[in-house]
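Data first, discussion second: the structure below is written as C-alpha cells.
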Amino acid sequence: MYLIPTMMKKKRTELGMSQRLFAEHIGVHQNTVLYYELGKAIPKEEMHPMIAKLLDMSVREVERMCENARIERIKGNKNGQDYKASTGS
C-alpha cells in the first residue's frame, strides 16, 4: 500500500474535512476522493498544488507520494492486480 491513501485520508480527517468538501475544493467528484483514499486512483499532476495547499503539505511532498503510488501500481500490475485508471472528475 502506498502513501496517497493513508496520508490523504489521515490529513483530511485531521482537518475535519469530509470527502465531499475535499472533492469540492479540488474540483472532482466525491467518488474520485474515495478512489484516491482506497488506492484505486492517483491524483493528476495539475491537482497536486490544490491538494498540497488543502493538506498543508508541499507540492513536492504530494508529487513524491504520487510517484511512489505509480511505482506501486506498476509493481501491483506485474503481480496481476488490477487498478482503476486515475480520474480527474
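Note that the structure is a prediction, hence the values are computed from the model and not measured.
Shown here for I26 and L54, the closest heavy-atom pair between the two residues is CG2-CD1, 3.5 Å. Taking every heavy atom of both residues into account, L15 and L55 meet most closely at CD1-CA, 4.1 Å.
Remark: R64 pairs with no residue by the salt bridge (Lys or Arg N to Asp or Glu O under 4.0 Å) rule, at least two apart or across chains. In terms of the side chain to side chain contact (heavy atoms under 4.5 Å, CB included) criterion, residue partners of E45 (sequence neighbours excluded) are, by chain and number, H48. With sequence neighbours left out, E67 forms a side chain to side chain donor-acceptor pair (under 3.5 Å) with no residue at all. For the side chain to side chain contact (heavy atoms under 4.5 Å, CB included) test, residues two or more places apart in sequence or in another chain that qualify with L21 are M17, S18, E24, H25. Listed by chain and residue number, nothing satisfies the salt bridge (Lys or Arg N to Asp or Glu O under 4.0 Å) test with E61 (two or more places apart in sequence, or in another chain).
Note that CZ of R73 is 4.0 Å distant from CD1 of I42, once rounded to the nearest 0.5 Å. Taking OH from Y35 and CD from Q30, the interatomic distance works out to 11.5 Å, rounded to the nearest 0.5 Å. The distance from the CD atom of Q19 to the OG1 atom of T32 is 10.5 Å, given to the nearest 0.5 Å. For the atom pair CG (D56) and CD1 (I51), the distance works out to 14.0 Å, reported to the nearest 0.5 Å.
Inter-residue side-chain proximity for P43 and M50 is flagged as unmet; no heavy-atom pair is nearer than 4.5 Å. Taking the side chain as every heavy atom from C-beta outward, V28 and F22 never approach each other to under 4.5 Å.
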Requested in this report: List the steps and the verdict of side-chain contact (heavy atoms from CB on, under 4.5 Å) for M65 and M8.
Outcome: CA-CA 10 Å; M65 286 192 310; M8 184 177 286; over 6 Å; no
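Within the structure, salt bridge (charged side-chain N to carboxylate O under 4.0 Å, His left out) pairs that include any residue of residues 6-18 comprise K10-E14, R12-E37 (at least two apart or interchain).
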